[in-house]
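FYI, side chains are in, hydrogens and waters are out, and symmetry mates aren't considered; it's all heavy atoms of this structure.
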Amino acid sequence: MSAVSDRLPAFPWDKLEPYKKTAAAHPDGIVDLSVGTPVDPVPEHIQKALIAAADSPGYPTVWGTPELRDALTRWVEHRLGAREVTHRHVLPVVGSKELVAWLPTQLGLGPGDQVAFPRLAYPTYEVGARLARAEHVAYDDPTELDPSRLKLLWLNSPSNPTGRVLAKEELTRIVAWAREHGVLVLSDECYIELGWEADPVSVLHPDVNGGSHDGIVAVHSLSKRSNLAGYRAAFLAGDPAVLGPLLQIRKHGGMMTPAPTQAAVVAALGDDEHVRVQRERYAARRTALRDALLAHGFRIEHSEASLYLWATRDESCWDTVAHLADRGILVAPGDFYGPAGDRFVRVALTATDERVRAAAARLTA
């Protein structure tokens, strides 16, 4: 019997280690713009909510506390413009990556079924298909796919890695096509609050879905908007006919968001000010890095939202990675996100202000 790990590709980040060593040898130290992990403090009121819930000796529930579900439904209506959202329309998960990796398996997909995702995409979409032994297919326009065996369609707007945003009209067209062919739409919207040159729209907005949540589920995370990557805080919102069975499966699997994290999420979703402050931090870093990259001869495509700049020098992405590593700057090679990215690099905005200034100075020297 083949081991489960044999179904998976090599872990891509291991290939970056030699370049990380080169960058770390820079006299002024490394500027790590590769992984995209938050570096700013968790807002104090969220920390206090976590601490207040620290005495949690009992098991949490998979569906979350009523207070958490209230917070999720309020936020989905307030921030995304969704209508008639009830507790049945939301489901907390243990970080969004876990959900992406295991969703095809939890949906019962397997050999002969297809999972589709953008041609340039977060690698875990493919991993999820492989874990379920389903087929995976990359697309430029999902409505050009053969829907006969397509069971799960991943959308990602704003995109990781490119920062591309799908317009409302495009989302509407895709949702209508998927419903016509009985294809479940999962929309990864984890960067929706980080639009710079575009205003991202959720598939849960009635202008997109016609006021119905049938056949659509959105994925949201607090990792970037609230600096909660270490808390593993995310949730689903959408079709109860999908979320209900997932809840039962996740109960059997013990996939429970820890009780202190649930309390922290309630505090985080109830406050918009810390999100505004964090957006301003990222906006300033984005401007500094974008200007420096352009001055250094890069071209930047898309990048109208999310936490990344999608940049190229019209050469192999690994040549660019090496070029920047020599200057103490570590970035992610574009081919981590699909062969179509082999001449791009993804530059994360997730470094301290001091490190971003250092990177900009090295690029413009």
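With W310 as the aromatic partner, R346 does not meet the cation-pi criteria of under 6.0 angstrom to the ring centre and within 45 degrees of the ring axis.
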With ring-ring contact (aromatic ring centres under 6.0 Å, His included) as the criterion, how do W318 and Y19 come out once you've worked through the C-alpha distance, each side chain's angles and the decisive distance to 0.1 Å? CA-CA 9 Å; W318 288 100; Y19 302 92; 5.3 Å; yes
Test side chain to side chain contact (heavy atoms under 4.5 Å, CB included) on V265 and L269; report intermediate values, then the result. CA-CA 6 Å; V265 171; L269 293 182; 3.8 Å; yes
Could you go step by step and tell me if Y231 and V42 meet the side chain to side chain contact (heavy atoms under 4.5 Å, CB included) rule? CA-CA 10 Å; Y231 285 44; V42 174; 3.5 Å; yes
Side chain to side chain contact (heavy atoms under 4.5 Å, CB included) assessment of V100 paired with W154: CA-CA 9 Å; V100 173; W154 282 106; 3.8 Å; yes
Step by step, would you call R362 with D28 a salt bridge (Lys or Arg N to Asp or Glu O under 4.0 Å)? CA-CA 10 Å; R362 295 173 196 179; D28 186 38; 3.1 Å; yes
Derivation and outcome, side chain to side chain contact (heavy atoms under 4.5 Å, CB included), residues D271 and H45: CA-CA 9 Å; D271 173 64; H45 74 285; 3.4 Å; yes
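Counting only distance, with no hydrogens or angles, the side chain of R133 and the backbone of R130 share no donor-acceptor pair below 3.5 Å. Listed for the E126 side chain is no donor-acceptor partner under 3.5 Å among the backbone atoms of H136. A donor-acceptor contact shorter than 3.5 Å is absent between the side chain of D326 and the backbone of H323. Of the possible donor and acceptor atoms, none in the side chain of D335 sits under 3.5 Å from a partner among the backbone N and O of G341. A donor-acceptor contact shorter than 3.5 Å links the side chain of Q262 to the backbone of T65. Between the side chain of R179 and the backbone N or O of N209 there is at least one donor-acceptor pair closer than 3.5 Å. A donor-acceptor contact shorter than 3.5 Å links the side chain of R279 to the backbone of E193.
Residues V201 and I174 are members of one and the same hydrophobic cluster, defined by side-chain heavy-atom contacts under 4.5 angstrom among Ile, Leu, Val, Met, Phe, Trp and Tyr. Hydrophobic clustering (ILVMFWY, side-chain heavy atoms < 4.5 Å, transitive): V85 and L91 are in distinct clusters.
In Q47, the CD atom is crowded: over 12 heavy atoms of neighbouring residues, nucleotides or ligands sit closer than 6.0 Å. Surrounding CD of E354 are more than 12 heavy atoms belonging to other residues, nucleotides or ligands, all under 6.0 Å away.
Using a 4.0 Å cut-off between charged nitrogen and carboxylate oxygen, E135 and R149 count as a salt-bridge pair. The pair D141-R173 counts as a salt bridge, with a side-chain nitrogen and a carboxylate oxygen less than 4.0 angstrom apart. Under 4.0 Å is where a charged nitrogen must lie from a carboxylate oxygen, and between D353 and R285 at least one such pair does. Using a 4.0 Å cut-off between charged side-chain N and carboxylate O, K21 and E17 make no salt bridge. No salt bridge links D272 with R79; every basic N to acidic carboxylate O contact stays at or beyond 4.0 Å. Ion pairing of R299 with D314 is present here, as a side-chain N (NZ or NE/NH1/NH2) and a carboxylate O approach within less than 4.0 Å. Between R286 and D291, no side-chain nitrogen of the basic residue sits less than 4.0 Å from a carboxylate oxygen of the acidic one, so the salt-bridge criterion is not met. Here E273 pairs with R276 in a salt bridge; the nearest charged N to carboxylate O distance falls below 4.0 Å.
The OG1 atom of T143 sits 9.0 Å away from atom CD of E170, with the distance rounded to the nearest 0.5 Å. Atoms NZ and CD, from K224 and Q278 in turn, are 11.5 Å apart once rounded to the nearest 0.5 Å. Rounding to the nearest 0.5 Å gives a distance of 13.0 Å between NE2 of H220 and OG of S223. Within the model, atoms CZ of F117 and CG of L186 stand 13.5 Å from one another, a figure rounded to the nearest 0.5 Å. In this structure, Y282 OH and S306 OG are separated by 11.0 Å, a value rounded to the nearest 0.5 Å. Distance check, rounded to the nearest 0.5 Å: CG of D188 to CG of L99 gives 9.0 Å.
Side-chain N/O atoms of S202 and E189 include a donor and acceptor closer than 3.5 Å. For the residue pair N160 / Y337, no side-chain donor-acceptor distance below 3.5 Å is found, with atom types taken as modelled. Residues E301 and T312 have side chains that never bring a donor and an acceptor to within less than 3.5 angstrom of each other. No side-chain donor from either of R327 and H26 sits under 3.5 Å from a side-chain acceptor of the other.
No side-chain heavy atom of E144 sits under 4.5 Å from any side-chain heavy atom of Y139. Side-chain contact between P333 and L16 is present, with heavy atoms from C-beta onward closer than 4.5 Å. Side-chain contact between V356 and L289: present, with at least one pair of heavy atoms (C-beta onward) separated by less than 4.5 Å. With contacts defined as side-chain heavy-atom distances shorter than 4.5 Å, the pair K168/T172 qualifies. Residues P161 and S159 are in side-chain contact: their nearest non-hydrogen atoms beyond the backbone lie under 4.5 Å apart. No side-chain heavy atom of V31 sits less than 4.5 Å from a side-chain heavy atom of L330. In this structure the side chain of Q114 never reaches within 4.5 angstrom of the side chain of K151, judged on heavy atoms. Contact annotation: the side chain of V115 never approaches that of L153 to less than 4.5 Å [non-hydrogen atoms, C-beta and beyond].
Between W13 and F336, a ring centre-to-centre spacing shorter than 6.0 Å is recorded. Less than 6.0 angstrom separates the ring centroid of F235 from the ring centroid of W75.
Nearest heavy atoms, A71 versus V266: CB-CA, 4.1 Å. Contact detail for A292 and A360: the closest heavy-atom pair is CB-CA, 3.7 Å. D239 and G215 get closest at one heavy-atom pair: OD2-N, 2.8 Å. Residues P206 and G81 approach most closely at CD-O, 3.1 Å, considering heavy atoms. Of all the heavy atoms in A23 and I329, the pair that sits closest is CB-N, 4.1 Å. When all heavy atoms of V203 and I216 are compared, the closest pair comes out as O-CD1, 3.4 Å.
Residue R281 forms a side chain to side chain contact (heavy atoms under 4.5 Å, CB included) with just one option from D40, T352, T350, and that option is D40.
The aromatic rings of F298 and H296 sit parallel to each other, their planes meeting at less than 30°, with 60° as the upper class boundary.
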Side-chain polar contacts of residues 241-251 - donor-acceptor pairs under 3.5 angstrom, sequence neighbours left out - could you list them?
residue	atom	partner	partner atom	Å
R250	NH1	E98	OE2	2.7
R250	NH2	E98	OE1	2.9
R250	NH2	E98	OE2	3.3

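The ring-ring contact (aromatic ring centres under 6.0 Å, His included) pairs that include a residue from residues 182-219 are H89-H213, Y191-Y308, where partners are two or more places apart or lie in different chains.
Not a single ring pair (Phe, Tyr, Trp, His ring centres under 6.0 Å) links H87 to another residue, sequence neighbours left out.
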